[in-house]
Amino acid sequence: MRPELATAIGRFRAARGDVAAGVAGDRLGAGLGASLEPADVRDYAPGDDVRRIDWRAYARTDRLKLKLYREETSPHVDVLLDVSASMATTDAKACAARDLVEAWCAWCVADGGRPRIYALGGERIEDPAAIAFDGRDVALAPPTAPLRPRSLRRLVSDFLTPDDPAPLVRRAAAGAAGLAVVQILDPWEVAPEVDGVSALVDVESGARRDLRWSAAARRDYDARLRRLCDAVREAVRAAGGRYALATAAAPAALFGGPLLAAGLTEPR
């Protein structure tokens with residue numbers, strides 16, 4: 001891990017708004033377990049552990065009540081990564097996507113959890129250093145490998161495809177304890193600098209289109225990009241997740257800018 005990324009990871013951490021199943025740790029999960037913080041009580045039933053009887057409640061109500069506890073868990077984090085060629089239209093964009101993956105994995109490990117990385121439409125990625133954005137004509141599809149139930153899901157994609165983002169987002173959210181989606185774009189994709197006639201080549205299909213760049217063409221491009229981002233944002237909202245639109249940048253600016261504003265990170 002390069003020093004710039006390690007420093008930024010040390011300055012921030014994943015926001016603590018989600019809970020997930022996992023191993024014993026320092027977060028309170030959504031399930032019932034054996035932490036020291038009572039979550040609720042219920043009537044005692046034969047066979048229950050008598051050591052968990054709430055004798056104070058019995059003294060007040062003359063009924064045997066059983067203490068229920070929330071389990072303390074460290075989160076499992078499943079990172080879903082778009083590995084299509086458009087994710088590496090520039091070195092800065094590819095680097096920012098890798099930084100997001102490495103950061104979420106590092107934060108998960110620091111919390112005692114076990115991260116996994118999955119390629120959209122593909123299998124698990126065992127080595128983050130081996131991530132290659134070379135997918136051709138890759139549709140927005142869930143990983144072929146199964147995701148873990150009650151894991152925290154982190155989806156990273158530019159969503160630059162004709163596919164409707166909603167089905168992927170719904171599948172990513174299904175069975176998850178929490179979903180965060182980062183739409184990563186290069187600064188050039190947000191504000192292209194083009195003059196006159198340009199030849200545009202699709203990096204995934206190889207299709208070529210000659211475009212005369214004008215004020216009208218720029219307005220049309222901006223409107224199309226805005227509709228795409230709005231569609232992703234609405235799909236994430238409908239799935240109960242959190243969304244951030246991020247422009248490729250240095251790690252500290254990325255974690256402390258759009259991700260912080262979206263509630264996905266917080267300062268240490």
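- Nearest heavy atoms, R242 versus A15: NH1-CB, 4.2 Å.
- Residues Y118 and V109 do not share a hydrophobic cluster, defined by chaining ILVMFWY side chains whose heavy atoms lie under 4.5 Å apart.
- With respect to D222 and R218, a salt bridge is recorded, a charged nitrogen being found less than 4.0 Å from a carboxylate O.
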Working note: S84 + T161, criterion side chain to side chain contact (heavy atoms under 4.5 Å, CB included); need CA distance, chi angles, decisive distance, verdict.
CA-CA 10 Å; S84 60; T161 170; over 6 Å; no
Verdict with supporting geometry, D82 and F159, side chain to side chain contact (heavy atoms under 4.5 Å, CB included)
CA-CA 8 Å; D82 182 352; F159 293 93; over 6 Å; no
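- The ring-ring contact (aromatic ring centres under 6.0 Å, His included) analysis of residues 227-260, with sequence neighbours excluded, yields the pairs W107-F255.
- A235 and A166 make their closest contact through CB-CA, 3.7 Å (heavy atoms, listed as atom of the first residue, atom of the second, distance).
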Check against side chain to side chain contact (heavy atoms under 4.5 Å, CB included), V232 and L245:
CA-CA 9 Å; V232 178; L245 174 61; over 6 Å; no
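- Using a 4.5 Å heavy-atom threshold, the side chains of R171 and L147 count as separate.
- Of the inter-residue distances, the one linking M87 atom CE with S157 atom OG reads 5.5 Å to the nearest 0.5 angstrom.
- Contact record, A176 with R153: CB-CG, 3.3 Å, taken as the closest heavy-atom pair.
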Take V182 and L100, measure what side chain to side chain contact (heavy atoms under 4.5 Å, CB included) needs, and give me the verdict at the end.
CA-CA 9 Å; V182 177; L100 282 172; 3.7 Å; yes
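- Annotation for L168 and P142: closest pair CD1-N, 3.8 Å, computed over non-hydrogen atoms.
- Between the side chain of R148 and the backbone N or O of V77, at least one donor-acceptor pair lies under 3.5 Å.
- Using a 4.5 Å heavy-atom threshold, the side chains of L120 and L155 count as touching.
- Once rounded to the nearest 0.5 Å, the distance linking SG of C108 with CZ of R154 reads 9.5 Å.
- Residue D54 holds its CG atom at 13.0 Å from CZ of R63, rounded to the nearest 0.5 Å.
- Contact between A96 and L254 at its shortest, heavy atoms only, is O-CD2, 4.0 Å.
- Side-chain contact, D186 with T89: no donor N or O sits under 3.5 Å from an acceptor N or O.
- Taking CZ of R224 as the reference point, atom CZ of R219 lies at 14.0 Å (rounded to 0.5 Å).
- Checked by atom type and distance alone, the side chain of D163 never pairs as donor or acceptor with a backbone atom of P165 at under 3.5 Å.
- Around CZ of R11, the count of heavy atoms belonging to other residues, nucleotides or ligands within 6.0 Å does not exceed 12.
- Residues V169 and L179 have side chains in contact (heavy-atom distance under 4.5 Å, counting atoms from C-beta outward).
- Between the side chain of T144 and the backbone N or O of G122 there is at least one donor-acceptor pair closer than 3.5 Å.
- Ionic pairing of D78 and R116 is not present here: no N-O contact between side-chain nitrogen and carboxylate oxygen is shorter than 4.0 angstrom.
- The shortest side-chain heavy-atom distance between L64 and V50 does not fall under the 4.5 Å cut-off.
- Within the structure, the salt bridge (charged side-chain N to carboxylate O under 4.0 Å, His left out) test picks out the following pairs touching residues 85-106 (sequence neighbours left out): R2-D99, K93-D158, K93-E189.
- Atom CG of L264 and atom CH2 of W104 lie 6.0 Å apart (nearest 0.5 Å).
- By the 4.5 Å heavy-atom criterion applied to side chains, P143 and R124 are not counted as neighbours.
- In terms of modelled atom types and a separation under 3.5 Å, the side chain of D111 and the main chain of G113 share no donor-acceptor contact.
- In this structure, T247 and P187 approach most closely via the heavy-atom pair CG2-CG, 3.4 Å.
- Linking Ile, Leu, Val, Met, Phe, Trp and Tyr residues whenever their side-chain heavy atoms come within less than 4.5 Å leaves L260 and I184 in two separate clusters.
- More than 12 heavy atoms of other shown residues, nucleotides or ligands fall within 6.0 angstrom of atom CZ in R268.
- Ion pair R227/D230 not flagged as a salt bridge, since none of the NZ, NE, NH1 or NH2 atoms sits closer than 4.0 Å to an Asp/Glu carboxylate oxygen.
- In this structure, I117 and V101 have side chains that are in contact, with non-hydrogen atoms separated by less than 4.5 Å.
- We find the CZ-CD distance between F12 and E266 to be 10.5 Å, quoted to the nearest 0.5 Å.
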